[in-house]
Amino acid sequence: MKFSEKNVVILGGSTGIGLATAEAFINAGENVWITGRSEKNLQPAALKIGNPKLKTLIADTSSLAGIADLEKAISENGINIHVLHLNSGIGIFSPIEHTTEADFDAQFNTNVKAHYFTLQKLIPHLAEGSSVVFTSSGAATAARLNSGVYSATKSALNKIAQIAANELAGRKIRVNIVSPVSVATEAVSLFPDEIVADLASITALQRMGEPEEIAKVVLFLASDDASFITGI
Ligand SMILES: NC(=O)c1ccc[n+]([C@@H]2O[C@H](COP(=O)([O-])OP(=O)(O)OC[C@H]3O[C@@H](n4cnc5c(N)ncnc54)[C@H](OP(=O)(O)O)[C@@H]3O)[C@@H](O)[C@H]2O)c1
């Protein structure tokens with residue numbers, strides 16, 4: 001896969017899939033900016049990667065104010081974005097009858113509103129021919145118990161990504177979606193063992209995936225090797 005000094009912005013790059021993707025882009029020689037809500041995870045992430053081509057930006061993108069902070073930082077740093085990976089997300093699992101308004105809003109704000117308006121605000125900073133990759137989930141098309149809100153956020157994201165692919169095609173910007181299931185990340189490490197075992201059992205390979213395995217898909221979609229792939 002060939003890249004050439006591309007500028008990569010990863011929303012939610014401080015842990016898990018986003019961090020593995022950041023590391024993969026750094027190893028490919030790119031300039032990478034990762035975001036997170038605070039220094040708590042960003043600082044260890046920067047230490048782990050240990051490369052001056054990796055920069056961190058603090059922005060809680062679940063609100064328009066946080067997205068404005070991010071846009072300001074991108075603008076001030078003069079970053080012409082070649083790859084935008086909209087990856088941040090949270091999952092709060094409960095049956096419909098026990099779901100609170102706060103949990104509903106937190107998931108829609110973090111998983112949908114954040115990506116929609118970050119894309120909107122960063123469109124002027126996207127280079128012609130750039131690539132946008134959303135992290136959705138297999139949950140978008142599944143109907144597992146207790147995932148009513150989370151799955152709905154990911155279904156919404158899929159539709160937004162498909163429409164963005166059509167709206168941005170005129171500038172040769174490709175927009176695609178990765179839809180993992182069952183990846184062993186920090187978020188999943190908080191689940192009880194029986195839930196993790198269940199997550200592994202729903203995959204064909206009967207194991208959890210590694211964040212690095214998802215990162216490789218993001219790199220492929222962002223590369224010129226995927227030059228005819230968009231809206232997928
Ligand atoms: N792991 C899986 O099995 C799996 C399966 C399907 C889909 N996914 C999706 O993959 C994506 C990454 O998940 P992960 O498993 O790698 O989880 P993770 O390790 O918890 O990573 C989530 C990332 O999102 C960031 N984030 C969360 N809320 C944010 C906010 N309001 N503003 C800015 N950043 C925020 C986190 O940053 P801070 O915490 O540092 O703020 C972190 O960098 C999510 O969209 C998730 O839904 C995961």
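Counting starts at 1 for both ligands and their atoms, in listed order.
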Legend entry - Region of Asn87 engaging ligand 1 - heavy atom pairs below 4.0 Å: both
Inset, instruction - Using distance alone, with no hydrogens and no angle criterion, decide if His85 and Thr135 have a side-chain donor and acceptor under 3.5 Å apart. - result: yes
Inset, instruction - Return yes if some donor-acceptor pair links the side-chain N/O of Asp103 with the main-chain N/O of Thr99 below 3.5 Å, else return no. - result: no
Inset, instruction - Determine whether the side chain, the backbone, both or neither of Val183 has a heavy atom under 4.0 Å from any heavy atom of ligand 1. - result: both
Legend entry - Side chain, backbone, both or neither: the part of Thr110 lying under 4.0 Å from ligand 1 by heavy atom: side chain
Legend entry - Expected output: side-chain Asn7 to main-chain His82 donor-acceptor under 3.5 Å: no
Legend entry - ligand 1 atoms in contact with Gly13 (distance to a heavy atom under 4.0 Å): 43 (O)
Legend entry - Selection from Pro44, Ala106, Ser14 by shortest heavy-atom distance to atom 36 (C) of ligand 1: Ser14
Legend entry - Atom indices of ligand 1 within 4.0 angstrom of Thr15 heavy atoms, with elements: 18 (P), 19 (O), 20 (O), 21 (O), 42 (C), 43 (O)
Legend entry - Ala139 and ligand 1 - part of the residue with a heavy-atom distance under 4.0 Å: neither
Legend entry - Ligand-side contact atoms (ligand 1) for residue partner Lys154, heavy atom cut-off under 4.0 Å: 44 (C), 45 (O), 46 (C), 47 (O)
Inset, instruction - Dump the intermediate steps for side-chain contact (heavy atoms from CB on, under 4.5 Å) on Thr118 and Glu71, then the final yes or no. - result: CA-CA 8 Å; Thr118 299; Glu71 196 276 328; over 6 Å; no
Inset, instruction - Within a distance under 4.0 Å of any heavy atom of Gly16, pick out the atoms of ligand 1 and give their elements. - result: 16 (O), 19 (O)
Legend entry - Atoms of ligand 1 close to Gly12 [distance to a heavy atom under 4.0 angstrom, numbered from 1]: 23 (C), 24 (O), 25 (C), 43 (O)
Legend entry - From the candidates Ser137, Ala187, Gly89, the one that places a heavy atom nearest atom 22 (C) of ligand 1: Gly89
